[in-house]
Amino acid sequence: MKLWRIPEDNNDTPEARTAIEEASALLRAGGVVAFPTETVYGLGCDAVNTEAVERVFAAKGRPSDNPLIVHIAAERQLEPIVKPYSGTAAKLMAAFWPGPLTIVLPARQGAVSPRVTAGLDTVAVRMPAHETALRLIAAAGCPIAAPSANRSGRPSPTRAGHVQEDLEGRIDGLVDGGPAAVGLESTVVEAEEGYIRILRPGSITAEELAAAGGCEVIGHAEGATDEQSGQQAAPRSPGMKYTHYAPAGAMTLVAGAPEAVSGYIMEAAVKAAAKGRRTGVLVYEEHAAAYEADAVLVLGSLSRPADAARTLYDALRTFDQLGIEEIWAQAWPLEGIGAALMNRLTKAAGGRLVQV
Ligand code: AMP
Ligand code: MG
């Protein structure tokens, strides 16, 4: 696997230009190359080349009925792959692209490999807000299909090291662009005349979508568990039905007043430790002092949920590295990016949410 480093704050050096040339040539030749975006690292390939797409599925161990997001670097790459779309979708593109918003659009038949869309008549498209990603996609000259660059079922990669952990030896190249700024996967929406449906919550919130689209936002109940949201989302966004983001240890999410939450968690953790289990907690900075465990990981301050979003997946991977067998996490408020954060925490916990 070829490895290039392109720091986001110093990406116009001769080394960076050579890296983009080499990585884009690999993509054009049917290679699979992981690259940074503002959300998480993606595992990219030429979306038109079915063999390359199949290699992405194989490297990840991804179920074949779970379609991939197509990444573009400019509006002109959109027209060849989609059919006429709603005015609502156009408004969202104008407001949020480049950015962490994926829009499910009517697919032009045969424009990308049928393996990318998993046979659906729609295609999910995004333009990432990341200079290196945009330059790589533009240099490749083809639409780039890219799921998150992790083994299926593992937490998404927010650093190049996470990609190496999961995919070393299984992919052709990796562009290291430093840690991801957002840290959670993109918001995925359907945008029709008169409504927007959230298929996967992300850092772009329902309120922001409603304001930009000028219409009602429906679908994903904020912070809903898979069991609650799966019913609606499964047929529309196949990926939502799979277990995701899970650490190896068994995780429980605990909601309630801070003292009640720490009381519940510490009682459970002490019992688990007495049985010889390795314990971990995932907590706010403000309440970290109330906890004792083999690993006490602080996600960030309650007043800055975006920090927690950025660090969540790294924390889940750290629990695995430390061999933590039982994990408890404090629930976060659902405002703003908190909704997406709680969606991922709920998935990581396999739906186990305790209200105290
Ligand atoms: P990932 O890129 O691994 O974070 O996953 C992409 C997400 O987008 C999954 O939840 C997919 O099911 C969803 N997705 C991709 N293409 C479509 C599509 N055409 N319609 C609905 N959802 C899609
Ligand atoms: Mg993924």
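In what follows, every heavy atom counts, from backbone to side chain, and hydrogens, waters and symmetry copies are set aside. First listed ligand is number 1; within each ligand, the first listed atom is number 1.
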Novice: Does ligand 1 have an atom that lies less than 4.0 angstrom from a heavy atom of Glu190?
Specialist: no
Novice: According to side chain to side chain donor-acceptor pair (under 3.5 Å), who are the partners of Arg5, at least two apart in sequence or on a separate chain?
Specialist: Asp176
Novice: Determine the sole option in Arg278, Arg277, Arg352 for which the salt bridge (charged side-chain N to carboxylate O under 4.0 Å, His left out) test with Glu326 is passed.
Specialist: Arg277
Novice: Taking the six-membered ring for Trp and the single ring otherwise, decide whether the centroids of Tyr291 and Trp328 are under 6.0 Å apart.
Specialist: no
Novice: With a cut-off of 4.0 Å, which atoms of ligand 1 are near a heavy atom of Thr122?
Specialist: 18 (C), 19 (N), 20 (N)
Novice: By number and element, which atoms of ligand 1 are closer than 4.0 Å to a non-hydrogen atom of Ala124?
Specialist: 15 (C), 16 (N), 17 (C), 19 (N)
Novice: Can you name the atoms of ligand 1, numbered from 1 with element, that are less than 4.0 Å from a heavy atom of Asn66?
Specialist: 9 (C), 11 (C), 12 (O)
Novice: Tell me the nearest of Lys60, Arg126, Arg200 to atom 4 (O) of ligand 1, using heavy-atom distances.
Specialist: Arg200
Novice: Tell me whether ligand 1 is touched by Val104 - counting only heavy atoms on the residue side and a distance under 4.0 Å.
Specialist: yes
Novice: Can a salt bridge be assigned to the pair Asp12 and Arg17 using a cut-off of 4.0 Å between side-chain N and carboxylate O?
Specialist: yes
Novice: So Glu165 and Arg154, salt bridge (Lys or Arg N to Asp or Glu O under 4.0 Å) or not? Walk me through it.
Specialist: CA-CA 11 Å; Glu165 249 170 54; Arg154 293 267 292 150; 3.1 Å; yes
Novice: What residues join Val33 in its hydrophobic cluster, counting side-chain heavy atom gaps under 4.5 Å, either direct or through other members?
Specialist: Trp4, Ile6, Ile20, Leu26, Leu27, Phe35, Leu136, Ile137, Ile144, Val175
Novice: Which bit of Leu120 gets closer than 4.0 Å to ligand 1, counting heavy atoms only: side chain, backbone, both or neither?
Specialist: side chain
Novice: Regarding Ser148, does it place an N, O or S atom less than 2.8 Å from the Mg ion (ligand 2)?
Specialist: yes
